[in-house]
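Working notes, structure below.
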Amino acid sequence: MRYDLVIFDNDGVLVDSEPLSNRLLAAYLTELGHPTTYEDSLRDYMGAAMHRVHDVIGERTGRRLPADFDDVFHARVFAAFERELEPVPGAVGVLEKLAVDGVPYCVASSGSHERIRVGHRKTGLDRWFDDGRIFSSQDVGRGKPAPDLFLYAAERMGVAPGRCVVVEDSPLGVQAAVAAGMDVYGFTAMTPGERLAGATGLFADMGELVDLLAR
């Protein structure tokens, strides 16, 4: 392995949550009078922290979302996770390989700590991530595409940014990793490769990742 730390995004990379959460987000925004399709949600919000939803709606409409927007949305998402959430195919195999090889890894997600933990418990990924390996946009002032979260994760894990590699599936995440001075591999299972411009490399199947990281 040519890196000293592998930093995983969570939603869409470890847990297959993007279809669920973006479908619910589009429906909730539409319900509140901000017509949004599933495709709109993927384009505008995939990989972003919740403050981006508030910022975008405010900029476009001049209106504020309800004070309880985040709480209501997360309640709907967590209920859907309990019913439907699965790990991304191949993710467990990658984690097993990193653990066997002794390669440090962590997760750095735009989602809240609660969202990360709910998803990991439901999918069984919690066995791979103790508290010291979990970092959220809640821990820093700015979420992706700012580099803050990835730099914070690297600092906490004791690894220089140039020795880290990020695994991402969103344009905002790729931008954040590049801004942090890290290599980044873009997962194209849901996002067309052309939208992940700047990535060090692209892959469509999680089974390809270990070989990519070793090259």
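R117 places no side-chain N or O within donor-acceptor distance of the main-chain N or O of D126, the cut-off being under 3.5 Å. Judged by distance alone, the side chain of T30 and the main-chain N or O of T36 form a donor-acceptor pair under 3.5 Å. The backbone N or O of F73 lies less than 3.5 Å from no partner atom in the side chain of D70, so there is not a single donor-acceptor pair. E168 places no side-chain N or O within 3.5 Å of a backbone atom of V184 that could act as its donor or acceptor partner. Looking only at distances, a side-chain donor or acceptor of T191 sits under 3.5 Å from a matching main-chain atom of D169.
With rounding to the nearest 0.5 Å, the separation of CD in E114 from OG in S136 is 11.0 Å. Expressed to the nearest 0.5 Å, how far CG of L42 lies from CG of L25 amounts to 9.5 Å. The distance from atom CG of D44 to atom CG of D55, rounded to the nearest 0.5 Å, is 12.5 Å. The structure places CG of L24 at 9.5 Å from OG of S41, a figure rounded to the nearest 0.5 Å. Rounded to the nearest 0.5 Å, atoms CE (M46) and OG (S170) are 6.0 Å apart. Rounded to the nearest 0.5 angstrom, I57 CD1 and R64 CZ are separated by 13.5 Å.
Residue V166 is not grouped with residue L213 when hydrophobic side chains (ILVMFWY) are merged at heavy-atom distances under 4.5 angstrom, including chains of intermediate members. A continuous path of hydrophobic side-chain contacts links M50 to I134 [ILVMFWY only; heavy atoms under 4.5 Å]. Both L85 and F8 are members of a single hydrophobic cluster when ILVMFWY side chains are connected at heavy-atom separations under 4.5 Å. Tracing side-chain contacts under 4.5 Å through hydrophobic residues (I, L, V, M, F, W, Y), one never reaches F187 starting from L196; they form parts of separate clusters. By the rule that hydrophobic residues join a cluster once side-chain heavy atoms approach within less than 4.5 Å of another member, L125 and V6 end up as members of one cluster.
Side chains of E82 and K122 form a contact here, defined as non-hydrogen atoms less than 4.5 Å apart. In this structure, the side chains of M206 and V13 come closer than 4.5 Å at one or more pairs of heavy atoms. Within the 4.5 Å cutoff, side-chain heavy atoms of N10 are placed close to those of V15. Contact of the C106 side chain with the L5 side chain is registered, since non-hydrogen atoms from C-beta on lie closer than 4.5 Å. Counting only heavy atoms from C-beta outward, the side chains of Y45 and L29 approach each other to under 4.5 Å. Proximity of E96 to W128: side-chain heavy atoms (C-beta onward) are separated by under 4.5 Å at one or more points. At least one side-chain heavy atom of L14 sits under 4.5 Å from a side-chain heavy atom of F129. Side-chain contact between E208 and Y185: absent, with no pair of heavy atoms (C-beta onward) separated by less than 4.5 Å.
Taking every heavy atom of both residues into account, A153 and A108 meet most closely at CB-CB, 4.3 Å. Closest of all the heavy-atom pairs between A26 and Y38 is CB-N, 3.8 Å. Closest non-hydrogen pair, G111 versus I116, comes out as O-CD1, 3.9 Å. Here the closest heavy-atom approach between residue F203 and residue L212 is recorded as CB-CD1, 3.5 Å. Between G132 and M157, the shortest heavy-atom contact is O-SD, 3.6 Å. Across all non-hydrogen atoms, the minimal contact from P161 to M182 is O-CG, 3.3 Å.
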Under the side-chain contact (heavy atoms from CB on, under 4.5 Å) criterion, do H51 and S137 qualify, and how do the steps go?
CA-CA 10 Å; H51 68 76; S137 61; 6.0 Å; no
Check the pair R43, D40 against salt bridge (charged side-chain N to carboxylate O under 4.0 Å, His left out), reporting the backbone distance first and the verdict last.
CA-CA 5 Å; R43 181 194 65 226; D40 293 337; 3.3 Å; yes
Verdict with reasoning, R60 to H34, per side-chain contact (heavy atoms from CB on, under 4.5 Å)
CA-CA 10 Å; R60 290 178 177 174; H34 306 287; over 6 Å; no
Decide yes or no on side-chain contact (heavy atoms from CB on, under 4.5 Å) for V167 and Y105, but give the supporting numbers first.
CA-CA 11 Å; V167 185; Y105 64 88; over 6 Å; no
Going through the distances and angles, do L32 and F69 end up as a side-chain contact (heavy atoms from CB on, under 4.5 Å)?
CA-CA 10 Å; L32 293 172; F69 179 86; 3.6 Å; yes
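When only modelled atom types and interatomic distance are considered, R115 and S109 share no side-chain donor-acceptor pair under 3.5 Å. Side-chain atoms of D11 and S17 include a donor-acceptor pair closer than 3.5 Å.
F135 does not carry R156 over the face of its six-membered ring by the limits of under 6.0 Å from the centre and within 45° of the normal.
The aromatic rings of F78 and H74 lie parallel to each other, with less than 30° between the two planes, well short of the 60° mark.
Among D183, I7, L151, the one residue that satisfies the side chain to side chain contact (heavy atoms under 4.5 Å, CB included) test with C164 is I7.
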